Amino acid sequence: MSGLISVRDLRVSFGDREVVRGVDIAVAPGETLALVGESGSGKSVTARALLGLTGPGAAVTASQLDIDGRDLRAASEREWRGVRGSRVGLVSQDALVSLDPLRPIGREIADTLRIHTRLSPSARTERVLEVLREVGMPDPEVRIAQRAGELSGGQRQRALIASALALRPPLLVADEPTTALDVTVQARILDLLGSVTANGTGLVLISHDLAVVARVADRIAVMSDGRIVETGTVDEVLGAARAQQTRRLIAAIPSGRPRGSRLRPVDAAGVIETRPRPTAERTVREETDPTSPILDVRGVSKAYPRRGTEPLVAVDDVSLSIRPGETLGLVGESGSGKSTLARIALALTAPDRGEVVVDGESWSTLRESKRRARRHLMGAIYQDALSSFDPRLTTGQILADALLVAGVRDGGGRRARELLDSVGLPSAVLARRPARLSGGQRQRVSIARALATSPRLLLCDEPVSALDVGVQATVLDLLDDLQREHGLALLFISHDLGVVRHMSDRIAVMHAGRLVETGDAEAVFAAPQHPYTQLLLEATPTLPQSGR
Amino acid sequence: MTDLSFRAAEQQAPVVDEQRADDRASGRGAGSRRRFRIGAGEALAGAYLIAAVVAAVAPGLLSPVDPLAISPSQAFSPPSLADPAVTLLGTDESGRSILSRIIHGAGPSLLIGASATAIGLLLGAALGLFAGLSGRVVDFAVNRLLEVLFALPGLLLALFLIVIVGPGVVTTTLAVGLSTAPGYARIIRGQVLAIRRSGYIEAATVLGVSPVRRLIRHMLPNTAGPLLALGTLGLGQAIVWASALSYLGLGAVPPSPEWGAMLAAGRIYLTTAWWMSVMPGLAIVLTAMSATALGRGVQRRVRAL
Amino acid sequence: MTSPSASDLRPTAPRAGAVGRLGRPLLIGVGGGVFVLWAVATLTFVLVRLIPGDPAQAVLGGPGSQASAEALAAARAEYGLDQPILVQYLMQLGRIATLDFGTSYSLRTEVAPLLLSQLGGTLLLAVLALALAWVVALALALASTRGGRVGASLGSALEVVAAGLPQFWLATVLILVFSLGLGWFPPISVPGPIGLVLPVVTLALPLAGFLGQTIRESLLDALEAPFVLSARARGEGERGIRLRHAIRHAAVPGVALSGWAFGYLISGAVVVETIFARPGLGRTLLNAVTVRDVPVVIGVVMITALAYIVVTVVSDAATRLLDPRSAA
């Protein structure tokens with residue numbers, strides 16, 4: 001086979017643990033192969049094996065490891081160094097830390113040339129400018145002297161791609177290249193990666209997100225537990241998935257899934273129930289008047305002073321309200337002001353103007369000592385659940401503390417066990433510290449803690465952004481169930497339109513501190529009014545309809 | 001199919017392994033369990049410090065002979081096994097056993113070091129907590145005060161205090177304690193601020209936990225660990241600086257068996273009886289090293305928590 | 001809210017030049033420095049008034065001194081001790097502002113010229129020791145991070161030993177071995193480079209232990225950073241990784257420690273200059289402390305505070321140049 005790379009029976013192990021167990025990969029010039037799987041599936045290690053960068057303590061074997069016509073099975077470190085950068089380029093996640101933050105990007109990009117060629121410094125600069133233009137960097141002459149921290153997220157990622165493309169290597173390996181980016185930026189970076197293959201460069205694209213790769217890949221290989229469980233063209237894999245792991249991955253993607261449908265099968269047999277459950281199942285507490293909002297944000301603004309320039313207006317005259325038992329999805333990209341709005345709603349930050357009213361009574365204008373008595377009305381869960389727990393405390397102590405706030409002295413830990421049970425965790429978790437739990441379990445503990453005070457409103461700030469798509473699905477299902485059971489209102493904040501759409505009754509879109517559009521979820525998605533909402537919808541990766 | 005195997009070359013970047021990456025990100029986790037095992041260095045350091053404390057509390061238990069017993073015939077004996085009880089580490093100009101004197105010197109030396117550390121740590125913790133827990137104005141004021149104290153580094157502040165109060169053991173202890181306080185204060189303030197801004201304090205606020213309970217339940221216990229590490233690390237340095245002042249003739253004075261004073265007494269015999277200077281110094285070095293090694297161990301465990 | 005705008009194309013503000021980046025902090029540094037000097041002067045004034053007994057007596061060696069009646073009268077006149085306390089305070093501030101620290105009663109000379117003549121030797125000692133400490137610490141860090149777990153343990157052990165060495169003992173051992181034993185260097189500091197070797201090594205080794213720990217830890221962090229993976233993926237070798245990337249990251253916290261290191265060196269100079277009988281601020285200070293020569297002590301305190309401020313401002317600026325992120 002005359003491919004760019006052909007790898008057969010690749011195995012990587014660390015000590016006794018084999019994390020890649022016999023993987024075959026072939027990529028032809030100009031072809032994009034997507035390697036998809038959850039974290040721990042071995043996809044990143046596989047990608048690094050293609051550059052000989054699996055690290056110390058890793059034992060790598062293969063019956064074939066040809067890259068651009070060279071057999072690299074027994075390559076020395078020196079030979080690998082000759083391959084890296086010149087034959088294979090690597091683009092990693094999060095350019096803010098993947099480019100040396102203390103060096104100008106021009107130096108970083110030129111390093112590839114310095115290492116592999118005898119070009120003069122001025123010729124290197126010429127080539128750096130050229131490749132910056134190729135990746136669509138605006139004002140390359142200015143950017144070349146800037147450091148990663150001085151660039152926007154998209155510009156940074158372009159610079160990182162430029163550093164991998166400086167020598168026009170025939171193969172590019174991109175490991176989650178858009179994971180840290182906003183959707184509109186992600187769309188443009190994906191377009192850029194797509195255009196790179198047009199001139200014959202092969203691309204191995206590693207991602208946890210099937211919807212992202214569907215956009216640019218020619219073929220998809222699904223990895224699970226160190227093996228490739230399914231491989232084929234995009235249509236084959238998405239349209240007629242054979243492996244159960246693939247079906248689960250597809251089912252876990254919330255975009256385009258009707259509100260109320262489960263993302264994870266209830267039974268273990270792998271049967272996926274996609275039928276929405278009737279909303280009539282939802283209970284709304286009887287004592288509450290369903291028409292008066294539980295949370296009412298009225299004309300709230302917040303600006304932060306900046307040195308030497310006008311203040312940064314984070315939130316600009318935003319009004320929204322949530323009725324009991326309802327979910328309001330708040331969407332926006334980073335810097336849109338949604339996190340500041342969340343802090344204002346939680347009364348962690350005081351608004352400059354406007355007011356927040358909770359359950360018909362004042363909230364943001366109260367003194368903290370007065371507000372404390374009403375804090376039980378509103379619970380919150382956060383993106384980084386782990387950092388919201390005192391590192392010294394066990395799950396049991398954390399829940400007991402929360403119950404104490406609610407006035408429950410939980411002597412035998414009975415209530416704590418009930419809380420854990422309601423979020424689907426065994427009581428064995430009580431004695432463990434959250435640091436010893438998995439990401440999904442941590443988020444469940446944080447939900448249990450929030451439920452301890454029997455809140456009427458749960459504020460969820462990017463609750464699943466740090467989780468794998470499969471774990472994300474189970475947490476979203478849990479939130480949905482809890483909402484039905486307790487008649488909770490949810491303020492669901494996320495950058496991920498797919499997740500928000502799946503969870504929300506109504507949607508509010510934030511951009512540059514302003515609320516640009518609100519409305520019924522389905523209506524907004526069917527016919528977005530504001531240009532920004534349209535842009536956001538367009539940029540959001542979705543599975544092709546044939547995949548459903 | 002020919003199955004050729006090869007190993008990746010020695011060097012290289014750390015590889016993703018979800019658990020490990022996770023551990024690093026959070027600074028804790030299952031991978032940190034190894035960090036709690038006691039290493040050989042720590043065990044030795046601990047054993048030495050325990051011996052030093054025993055010597056300080058009950059020197060008679062360890063000391064083979066009377067540290068004041070004069071034996072002119074054995075004056076200036078070099079270290080030897082001839083009469084180990086007396087001459088193991090040599091004898092001084094009056095034939096007194098250096099070993100016994102070092103053991104009896106543990107008391108004053110450790111007491112001065114520990115008291116100085118306690119003074120510095122208490123003052124530093126009080127200032128640091130005050131600055132970190134109060135509002136911006138207080139924090140600003142305390143910070144300026146610390147900057148001023150930093151401009152009088154270490155021995156300088158101590159020497160200045162000695163000029164004011166006059167030399168002596170008590171002054172030395174106070175002086176070393178005071179001169180270490182600003183350093184402690186700055187670190188503790190940083191720690192308190194970091195905890196104040198931490199996710200778990202915010203989560204407690206949102207939950208409706210009162211400020212007093214937040215302080216007692218979260219802030220103080222999470223500051224205590226680093227404080228313990230700081231104190232252990234600082235103990236070694238306090239002993240070094242206090243003995244330096246004694247050596248310079250400003251603290252404990254001969255014939256006190258305080259280690260710095262012993263060294264000072266040996267100074268004039270350096271050409272003829274090197275052991276009179278080297279052996280007491282060795283006791284200081286070992287104490288400082290042990291405290292540092294243990295302090296780092298504590299620090300690592302606190303961070304791993 | 002600190003993350004940059006979503007817009008990929010929004011132009012970022014033009015980069016301020018190095019001068020622009022440093023100008024403002026420098027100004028703040030100088031302003032803060034003046035404040036600190038004033039505060040230190042005030043502190044010394046207050047503390048000296050705490051010396052029990054006649055202030056004139058206090059200035060001239062404390063309660064036990066044998067100062068003559070004329071000397072006491074001269075001191076009263078010089079310090080305006082018959083004036084109200086506020087006038088005395090302002091007089092002292094004025095004198096310190098004009099670098100007039102009065103007369104040393106024990107040495108019977110003007111303090112300011114005396115100290116200025118001693119300053120050079122101490123600064124030379126401190127600068128050389130600082131340079132040596134950096135070289136040793138960097139070498140130790142670079143070597144120990146290449147040696148895997150064994151290297152790390154060895155590096156860490158060496159740091160603990162070095163940091164635990166009291167200077168007076170280290171000096172004694174160095175003299176025993178290299179002067180009395182091998183006869184390579186003089187036991188007391190003679191003029192010229194040969195006399196500097198042992199004092200510089202004595203000052204530098206413990207400092208290298210402290211610096212080494214900071215540098216090694218940040219070097220290890222830097223070597224595990226994602227940008228190192230990117231550099232390896234470009235084909236960069238081990239040397240390049242260290243010299244082009246990691247070492248700079250490792251140096252930042254070490255440079256930020258400079259103010260502390262300066263304090264350590266000045267404290268050490270007191271000990272080292274005394275042991276090696278080397279003229280300098282440290283020995284002058286110790287002699288003055290022993291005889292309670294207050295004007296000299298105040299002079300040394302003020303000069304050290306000034307030097308400390310200069311070092312801090314410079315190290316802040318250096319940190320900012322090394323790591324522009326720290327300016328934010």
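All of these numbers come straight from a predicted model, not from anything done at the bench. By convention in this document, chain letters (A, B, ...) are assigned in the order of the sequence lines, proteins followed by strands, and residues within each chain are numbered from 1.
- Contacts of B/R217 with chain A are made by both backbone and side-chain atoms, with heavy-atom separations under 4.5 Å.
- By the 4.5 Å heavy-atom criterion applied to side chains, A/L386 and B/Y200 are not counted as neighbours.
- Other residues, nucleotides and ligands place more than 12 heavy atoms under 6.0 Å from the OH atom of B/Y48.
- Of all the heavy atoms in A/A380 and B/V206, the pair that sits closest is CB-CG1, 3.9 Å.
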Would B/N222 and A/R392 count as a side-chain contact (heavy atoms from CB on, under 4.5 Å) here? Give the steps.
CA-CA 8 Å; B/N222 279 294; A/R392 290 180 317 107; 3.5 Å; yes

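- Residues B/E202 and A/L346 form no side-chain contact, since every pair of their non-hydrogen atoms from C-beta on lies 4.5 Å or further apart.
- Of all non-hydrogen atoms in A/R449 and B/A203, the two that sit nearest each other are NH2-CB, 3.7 Å.
- Of the atoms belonging to A/I381, not a single heavy atom falls under 4.5 Å from chain B.
- Looking only at side-chain heavy atoms (C-beta outward), A/L393 and B/H218 come within less than 4.5 Å of each other.
- When the candidates A/L348, A/D384, A/L459, A/T453 are compared by the number of heavy-atom contacts under 4.5 Å with chain B, A/L348 comes out ahead.
- When heavy atoms are compared at a cutoff of 4.5 Å, A/L404 approaches chain B solely by way of its side chain, counted from C-beta outward.
- For a residue to count as touching a neighbouring chain, one of its non-hydrogen atoms must lie under 4.5 Å from one of that chain's; by this rule A/R78 does not touch chain B.
- For chain B, the nearby part of A/E368 is the side chain; its heavy atoms alone come within less than 4.5 Å.
- For the set B/V209, B/I201, B/L207, the count of heavy-atom pairs under 4.5 angstrom toward chain A peaks at B/L207.
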